[in-house]
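Remarks on the structure that follows.
Both ligands and their constituent atoms are indexed starting at 1 by order of listing. None of the values given here were measured: they were computed from a predicted structure.
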Amino acid sequence: MNLIQQRNLFRSSLKQHYPEREIDDLFKRAIAHFFSWSSIKVGLEPHYVLLHEEEKLLNDLLNELILGCPFQYCIGTSRFMELDLSVGPGVLIPRPETEELIEWVLAEKSASIATVWDVCTGSGCIALALKKAQSDWLIKGFDISKQALAVARKNANDLSLEVSFEEKNVLDWSNNRQQCDLIVSNPPYVLPSEKIKMHTNVLEHEPGLALFVPEEDPLVFYRKIIEIASTCLSKSGCIYFEINPLLVEELIALGKAKGFPTANIKKDIFGKDRFVKFSR
Ligand SMILES: C[S@@+](CC[C@H](N)C(=O)[O-])C[C@H]1O[C@@H](n2cnc3c(N)ncnc32)[C@H](O)[C@@H]1O
């Protein structure tokens, strides 16, 4: 089979799962990942005849995609802030919105920051991207999931970034002896009632632990993290959260009630209120 025939097989086999532009993009990312080929190779050499091994790799990937497996899990990596991060089942695939959170933190960084916590770290994407940009920061990531922590540690090791990761149930956090200057967090924030509008490949493959909060107490993680911050965060320190746009007003009221009267909201690229910064 030649390259254009293979691309067309992707198009016809995946048309019920993805729009055509996204299929073409997945195909380009696949050939870049497996063979380091340029994204324009399909246009430049459409009649290139694939070797048997090349065809097999692409067809194995296609079969997984047909079953609904997210592309990043199929290839085992996700690109985030110019870092190639390992991901796999049990670990949330980092989202592009979270890159905007990091850009905001870095744009506002002050010289007084020394110690930074990434609470609910998952793949370690926030902690590692911050460390890459600010090698002098002492950064620690926390998560309850052993699977996520193993991936975060592998990512730190693979990228030679010195970030430590600690297993911690944030909701049970009671040791207030540690201090930090900045907390960044993208905790679970999806309401069970939002499942109806979510893609099945997310619902069936990504960890519910990383996504969902109880419908009756959706800010459970934010409340606890703000409480932790009220004792552990230095006086001039701040908290940067990613948040469900449906919960922004409630979150700001919560922060004010718990000693963080100053709240700044930032929109994501889709124009939704997605990030909140708290300071005292
Ligand atoms: C939305 S994901 C964010 C992951 C990563 N920071 C990112 O932005 O892609 C939330 C993370 O919270 C973790 N988590 C869920 N419940 C937790 C708990 N009780 N204590 C600590 N971490 C928890 C999940 O394992 C998951 O990795």
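By the 4.0 Å heavy-atom criterion, Phe142 is excluded from the residues contacting ligand 1.
Between atom 5 (C) of ligand 1 and the options Leu171, Thr121, Ile102, the minimum heavy-atom separation is to Thr121. Across Gly90, Cys125, Gly122, heavy-atom proximity to atom 9 (O) of ligand 1 is greatest for Cys125. Residue Asp143 holds the heavy atom nearest to atom 11 (C) of ligand 1 of all those in Asp143, Val119, Leu92.
Between Cys120 and ligand 1, an N or O atom pair is found at a separation short of 3.5 Å. On a distance-only criterion, Val170 and ligand 1 share at least one N/O pair closer than 3.5 Å. Of the N or O atoms in Ser123, none lie within a sub-3.5 Å distance of an N or O in ligand 1. For a threshold of 3.5 Å applied to N or O pairs, the pair formed by Asn169 and ligand 1 contains at least one separation below that value.
The local environment of CD1 in Ile196 is sparse, with at most 12 non-hydrogen atoms from other residues, nucleotides or ligands closer than 6.0 Å. Residue-environment remark: CD1 (Ile40) stays at or below the threshold of 12 foreign heavy atoms within 6.0 Å. The neighbour count for Lys266 NZ, taken as heavy atoms of other residues, nucleotides or ligands under 6.0 Å away, is above 12.
Contacts between Lys168 and ligand 1 below 4.0 angstrom, taking non-hydrogen atoms only, involve the backbone exclusively. Contact annotation for Thr98 and ligand 1: only side-chain heavy atoms (C-beta onward) come within less than 4.0 Å of the ligand.
No side-chain donor-acceptor contact under 3.5 Å links Glu206 to the backbone of Leu92.
In terms of protein heavy-atom proximity, atom 15 (C) of ligand 1 is closest to Leu209 O, 3.3 Å. Scanning all protein heavy atoms for the shortest distance to atom 1 (C) of ligand 1 gives Ala210 O, 3.0 Å. In terms of protein heavy-atom proximity, atom 16 (N) of ligand 1 is closest to Phe221 CZ, 3.4 Å. From the protein, the heavy atom lying nearest to atom 17 (C) of ligand 1 is Ile144 CG2, 3.4 Å.
Classification of Asp25 and Arg29 as a salt-bridged pair holds, one side-chain N sitting under 4.0 Å from a carboxylate O. Classification of Lys277 and Glu108 as a salt-bridged pair holds, one side-chain N sitting under 4.0 Å from a carboxylate O. Using a 4.0 Å cut-off between a side-chain N of Lys or Arg and a carboxylate O of Asp or Glu, Glu227 and Lys258 qualify as a salt bridge.
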Could you walk me through whether Gln6 and Asn59 pass the side chain to side chain donor-acceptor pair (under 3.5 Å) test, one step at a time? CA-CA 9 Å; Gln6 184 77 49; Asn59 283 332; 2.9 Å; yes
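Applying the ring-ring contact (aromatic ring centres under 6.0 Å, His included) rule to Tyr73 yields no partners; only residues at least two apart in sequence or on another chain are considered.
For ligand 1 and Asn186, the ligand atoms under 4.0 Å from any heavy atom of the residue are 1 (C), 2 (S), 3 (C), 7 (C), 8 (O), 10 (C). Taking every non-hydrogen atom of Ser145 and a distance limit under 4.0 Å, the qualifying atoms of ligand 1 come out as 25 (O).
Note on ring orientation: taking the six-membered ring where Trp is involved, the planes of Tyr48 and Trp37 are perpendicular (angle over 60°, cut-offs 30° and 60°).
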